[in-house]
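Take a look at the structure set out below.
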Amino acid sequence: MTEEKSMNNIIEILYTQNSRPDLWNDWQWQLKNSVISGTQLLSVFKTKDKDGDIKEVEKKYSTRITPYYLSLIAQEAEHDPVLMQCLPTSEELTENDKFKDDPFEEAENMSMPGVIHRYKDRLVLLVSDMCAMNCRHCTRKNILGNKIGLYADDELQKAFNYIKGEKDVREVLISGGDPFMLETARLDYILSSLSEIEHVEVMRIGTRVPVVLPMRIDDELCQMLARHRPLWINTQFNHPVELTEYAVKASDKLIRVGIPVSNQSVLLKGINDNIDVMRELCLKLQRNMIRPYYVFQCDPVAGAGHFEADISVGIEMEEELRRSVGGLALPRFVADMPNSKGKISLRMLGSKA
Ligand code: SF4
């Protein structure tokens with residue numbers, strides 16, 4: 001596609017928001033019209049990688065951005081916090097021993113395919129290898145799509161049998177990829193099967209859909225989710241501009257059917273490693289009944305090293321927030337460390353350094 005054609009195509013897609021709101025609000029249309037080539041974006045948005053070789057990056061890490069998420073980008077903004085989370089850059093090819101393809105060795109240490117059982121009382125099920133958007137800072141960016149999940153019925157059944165045999169497991173996190181990329185009926189089947197296991201007391205879903213494809217949170221999905229309790233949803237807003245009317249409405253729909261929504265941000269250099277941005281994010285989340293739960297240090301994953309902020313940044317930010325916001329707007333700043341059980345507070349990590 002020529003540069004001019006790409007540009008016209010993207011402008012046309014974005015214009016759908018005004019010209020055909022019926023299409024814009026259809027999550028399947030959003031998926032079908034997602035941008036899957038970063039080079040297409042260079043003609044529309046000014047970026048620091050204008051001369052970089054995005055094609056080389058995309059041989060390793062694919063691109064997927066919904067029109068909705070694209071519409072949040074301020075045109076011509078080189079350091080736009082939305083653009084930085086979705087556009088490939090040549091920095092992803094920087095090699096450094098500190099950053100590993102799979103820092104938590106999830107793919108290697110699965111109890112069985114698709115089941116990550118690091119803690120005695122809880123485990124993770126990977127039920128989808130697709131996301132509405134490919135976040136450039138994703139922890140699983142090197143292993144997603146490598147058939148590490150539970151996709152066929154018999155694979156899922158084996159996972160349920162495994163959980164049945166692990167009597168200490170009381171909490172199951174349904175993850176992926178993004179579980180909300182599954183058909184509603186399939187997710188219903190997974191939640192129903194887990195609910196039938198006596199010792200599974202709590203289910204959690206990890207999803208970025210409220211942030212990048214909020215129209216997916218439709219009535220059918222909410223009514224289905226409402227049948228499964230106790231169910232908690234964790235999402236990942238990283239910047240206040242992501243809390244749009246659409247995103248707030250999607251979260252509100254979940255909350256109104258009785259599902260608590262908590263937020264787990266990732267501390268991302270150049271995006272939200274600034275106290276004013278983080279304070280605004282936390283207060284906006286709280287105003288919209290979304291609990292600011294955690295701020296994670298960016299995981300040491302290959303291809304995302306350029307997003308890593310120094311630990312001292314998070315520690316200072318947490319201190320400053322403690323002084324300036326109420327407890328309900330105050331997230332815990334933590335890191336997930338390879339070879340350690342559980343999250344570690346950044347303050348504790350800082351004192352060990
Ligand atoms: S939605 Fe989650 S799993 Fe998917 S790319 Fe983003 S961070 Fe990774």
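Keep in mind it's a predicted model, so treat the numbers as computed, not measured. Numbering starts at 1 and runs along the sequence shown. Just so you know, ligand 1 is whichever comes first in the structure, and atom 1 is the first atom listed for that ligand.
In terms of protein heavy-atom proximity, atom 6 (Fe) of ligand 1 is nearest to C135 SG, 2.3 Å. Nearest protein neighbour of atom 8 (Fe) of ligand 1, counting heavy atoms only, is C138 SG, 2.3 Å.
Between E201 and the choices R229, K167, R170, the salt bridge (Lys or Arg N to Asp or Glu O under 4.0 Å) rule is met once, by R170.
Hydrophobic clustering, with ILVMFWY side chains joined whenever heavy atoms are under 4.5 angstrom apart, groups L125 together with M130.
Using modelled atom types and a 3.5 Å distance limit, the side chains of T207 and R216 yield no donor-acceptor pair.
Between the side chain of Q30 and the backbone N or O of Y68 there is at least one donor-acceptor pair closer than 3.5 Å. Between the D178 side chain and the R208 main chain, a donor and an acceptor come within less than 3.5 Å of each other.
Residue contacts with ligand 1: M133 is included, with a non-hydrogen atom under 4.0 Å away.
When distances to atom 4 (Fe) of ligand 1 are checked against a cut-off of 2.8 Å, C131 contributes an N, O or S atom below that limit.
Distance screen at 4.0 Å: atom 3 (S) of ligand 1 has a protein heavy-atom neighbour inside the cut-off.
Taking every heavy atom of R208 and a limit of under 4.0 angstrom, the matching atoms of ligand 1 come to 1 (S).
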